[in-house]
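In what follows, a single structure is set out as structure tokens and then discussed.
Letters A, B, ... mirror the listed sequences (proteins, then strands); counts begin at 1.
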Number of protein chains: 4
Amino acid sequence: MSTVGPQRCTIDIEVRYIETDRMGHVHHANYIAWFELVRTRLCVEVGVPYAGIEASGYLLLVTAVEVSYRQPADYGDVVQVTTWIERLQSRGMRFAYEVRRGDTLLATGATENVWVGSESRRPCRMPEEVGEPFRRAAGLW
Amino acid sequence: MSTVGPQRCTIDIEVRYIETDRMGHVHHANYIAWFELVRTRLCVEVGVPYAGIEASGYLLLVTAVEVSYRQPADYGDVVQVTTWIERLQSRGMRFAYEVRRGDTLLATGATENVWVGSESRRPCRMPEEVGEPFRRAAGLW
Amino acid sequence: MSTVGPQRCTIDIEVRYIETDRMGHVHHANYIAWFELVRTRLCVEVGVPYAGIEASGYLLLVTAVEVSYRQPADYGDVVQVTTWIERLQSRGMRFAYEVRRGDTLLATGATENVWVGSESRRPCRMPEEVGEPFRRAAGLW
Amino acid sequence: MSTVGPQRCTIDIEVRYIETDRMGHVHHANYIAWFELVRTRLCVEVGVPYAGIEASGYLLLVTAVEVSYRQPADYGDVVQVTTWIERLQSRGMRFAYEVRRGDTLLATGATENVWVGSESRRPCRMPEEVGEPFRRAAGLW
């Protein structure tokens, strides 16, 4: 049993002007795109680039998303977005996310993702070739 | 005690090409924008247009969002998005959402919203002038 | 020679909160999505739904876009977006656009679109089956 | 008279999944957001961060945009977006843009921007304190 915990991946994201709304802050929907960007990067760091997953006939669909907002992000900010695999199952996984600006926690969130065949669009088991890298990233080794 | 239940508001939304992604379906982040659009409409129908709320010095911030995706929406679809007030409190409220295409339920979701002063950006109580219409919309009369 | 002029298509679009930015107005990139929405509608009215075009093996790619902004659109506005075919050629066409709020002209624009095969992604001639409806829509009959 | 030419600023942008559409490529509207991001960076490098411009009571409004698309960008790509001041005038300026993926030119574009007071929202002259840095960036020194 591992005591290491899951592999964490953090990226810097510069707030885009278009991401703000008339309240003056980043509109809450944009965090979903940020989550996707860091999830993409984690897959690269794990050794399983997501474009390659799709090329080999699989999709990792988002079936649920949740975000909790604590402090706003603003134009001019560079925020740090972190993700890790919170739960790994045979047919999907759950990613957790944190958005920070330096020491300030701005938001937390999670996505539920399931494997589907890109032709059938039916749920399936995690492709064998990605099992080992994802289990390692989840801290299960 | 009311047995009426909350006022429901439904709008038709035509899927935009830009809302699709390379999987061929509507990208999951767009549902957040759809929720906002029907929430805006509910406020109008309740008699409290949101632009007026902001003009009178208040904001109704989104502090949490959750979406559960069941079936994809596609370019060419017109979907029906419904909202209602699920919980009304002195300092905020929770809206529930459903996205349907005809008889097919595509997604469900919720947002938590809190009142803040538009100058102070501090949490505050629901403005008195909107209390009655929102309580009625929540089915509490 | 026709003196009728091209067929015009106008839709109402309700400004979305997410479309605003910290200046308080609609961010200029959103007009591109509005153009696409009315172009989609024109194709439907012409009798050539764009989803059907893609299903029959063609794409109508945007190869250039231009927008000129005169007055801002704001949250709470319903704007009228109009399009028509400004030029029709064997391998593509040019759509013109106007955005109005009542009598006020907010923006004008245009897109250049070319036909490509959806497999080859190579430029091709306009599919024969859509030639007649598009020529009629362009006012060339 | 300078023979140096304008200061060029280039940033790397990683394509986001949400930026793709059902054609499989980046949707054309997203280039507008990329232009804004590199324009923001140029202002920083010039010594005039745009957030500071707004804080001192001015906005630099986009009054026109044009983009010409040559080759698509795809998920998995990192693109290089470059901008420079193409024309500097007392009341506004024109930025030019190029989007490349390595040696391949994907798109070119331009925006027209004008100075307005953030309170009045009326056109005005370029604020004196930014004149020198922008003239230098435009290669006029």
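Atom CD1 of B:I18 sits about 9.5 Å away from atom CD of D:E19, to the nearest 0.5 Å. The OH atom of B:Y17 sits 8.0 Å away from atom NE2 of D:H27, with the distance rounded to the nearest 0.5 Å.
Residues B:T20 and D:R22 approach most closely at OG1-N, 3.1 Å, considering heavy atoms.
Annotation: B:R121, atom CZ; neighbour count of heavy atoms from other residues, nucleotides and ligands within 6.0 Å is above 12.
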